[in-house]
Amino acid sequence: MPADPGSLMRARLGARGRVALWAGKLTSALSRGLRRGGGTTLPGDIARWVDPSILTKLSRSLGEGTVVITGTNGKTTTAALLRHILEAQGKQVVANQAGANLIFGVTAAMVNRTSWSGELPASIGLFEIDEASLPRLVQEIAPGTIVVTNLFRDQLDRYGELETTASHIRRALIQGPEGVTAVLNADDPMVAALGDDLPRVVYAGLDDPSLLQPELSHGADAKFCPRCGSPFVFDGVYFGHVGHYHCPRGDFARPSPDINASSIAIEGMERMRLRINDGPQSVNVEVPLSGLYNAYNVVLALAAARAVGVPLAKGAAALRDFTPAFGRMERITVDGRAAVLLLAKNPTGFNEVLRTAIQFGHATSFLIALNDRIADGQDVSWIWDVDFEQLKTVAQHIVVSGDRALDLRVRLKYAEIPAERIEVVTDWRAALKRAAEATPAGETLFILPTYTAMLELRSVLTHDGALRPYWQKVPTGPQ
């Protein structure tokens, strides 16, 4: 639905701000015109170099404020779900949907959406942001709602331990503008603890006891009470350390969720059905996603939608025709074989992607790609915390690829996967071709890459016409 010209807001940029805007927009046009990328980050770098306050100036044009989403896993999908809900209500949303989640990517999204004359055809901003960058973003745009999905070990060479990441987020929540609402995952102890003494908190979680597992996985992180240090008692976990817990000394316990899913039915890789409750109000939700981790993304998106004034029933109704974000359960065809692209970038996320592919997708054919670039984390020792042993009895053929394919090959050896079922193919196109060839007719190939490996594979698939460039917006909501 095109923006009403009468509703456009013109940013008060000043001379320096206008030059910054033009410089950023010119950079974006050159980047795409020369096919050097999607202009998702560099325009923000250039614009901020010209005017460090350009993001603050542009964000003041957003009449309905901004929503910010952070956390280790699920940022992109939660943001995509929320954006879909908001656009279904007729709202004009500006978002960094390409996943460039540093401050430069947010700035680039605003620059790209703003016209050369400074008019911004959007009323609300929706930005996913790297955890360490959250305090700076909050300082610059003063969001009205901050969503925290979860906290897991991820890229220790960049972030350090979880406590460091939690402290960044806590600082941002405390320093946020007056009236800010925090939407927190009640089932993650480290996230729930961030709500202490905050004036406005909405907790969201799952309350389907049939899906709780009795024991923590060996890679679980938050095992101790943040108040007294006692080991938590877990009544059950959904994955990792996320579940139902309490301190045996009574110093801390899982908050009762304001919005929860009391029933979750996952139907293969095609869809899931949830019963969502908001106090006395209950609605049924159907969404074309799979995996228990995506149930959290749905509940958090609905909680965030409620925080910005979208009734639960309207939010739920909008999700039926949701399209997954790039690399997150994308369905494609590779050399005549159906395939699903599932980003996997840390131990907990990888374990859940594997479980989803095996349990709900009945996967037997895999392409697993491991890179060690800056955006992936250069320390790949985390692969030893992934339960690749899940593949031992189900995988019939695995192609391994990427910069660290040989490290992955060694890890799979120690998972006792027979050597004849594993094949190392380092060329991206050849890896896709070989994985497709080894996938039996009528079955699905499951592609599990780390972040930059996903971009490399998508580049090949985009060049071959199987996918659109990741920075191109998929149409959603009313047109």
Pairing residues for Tyr238 by the ring pair (Phe, Tyr, Trp, His ring centres under 6.0 Å) criterion, not counting sequence neighbours: His244

Output yes when Glu87 and Arg83 qualify as a salt bridge under the 4.0 Å nitrogen-oxygen rule, no when they do not. yes

Starting at CG of Asn351, measure out to CZ of Arg355 and round the result to the nearest 0.5 Å. 9.0 Å

Ion pair Glu330/Arg458, N-O distance below 4.0 Å: yes

Are Ile447 and Leu342 side-chain neighbours, meaning at least one heavy-atom pair lies under 4.5 Å? no

Between Arg429 and Asp464, is there a salt bridge with N-O shorter than 4.0 Å? yes

Partners of Phe446 by ring pair (Phe, Tyr, Trp, His ring centres under 6.0 Å), sequence neighbours excluded? none

Salt bridge present between Lys345 and Asp376 (N-O < 4.0 angstrom): no

Sorted by first residue and then second, give each ring-ring contact (aromatic ring centres under 6.0 Å, His included) pair with at least one member in residues 288-311; sequence neighbours left out. Phe239-Tyr296

Tell me whether Glu140 is salt-bridged to Arg48, with the criterion being a basic N under 4.0 Å from an acidic carboxylate O. yes

Who passes ring pair (Phe, Tyr, Trp, His ring centres under 6.0 Å) against Tyr203, sequence neighbours left out? none

More than 12 heavy atoms of other residues, nucleotides or ligands under 6.0 Å from CD of Gln139: yes or no? no

In chain order, what residues pass the ring pair (Phe, Tyr, Trp, His ring centres under 6.0 Å) check against Phe366, with sequence neighbours excluded? none

N/O donor-acceptor pairs under 3.5 Å from side chains in residues 169-179, not counting sequence neighbours:
from, atom 1, to, atom 2, distance (Å)
Arg170, NH1, Leu194, O, 2.7
Arg170, NH1, Asp196, O, 2.8
Arg170, NH2, Asp196, O, 3.0

Asp51 with Arg18: basic N within carboxylate O range, under 4.0 Å: no

Please verify the inter-ring angle class for Phe350 with Trp382; under 30° counts as parallel, over 60° as perpendicular, anything in between as tilted. tilted

Pair Leu341-Met329, side chain to side chain contact (heavy atoms under 4.5 Å, CB included): steps then yes or no: CA-CA 5 Å; Leu341 191 58; Met329 215 157 284; over 6 Å; no

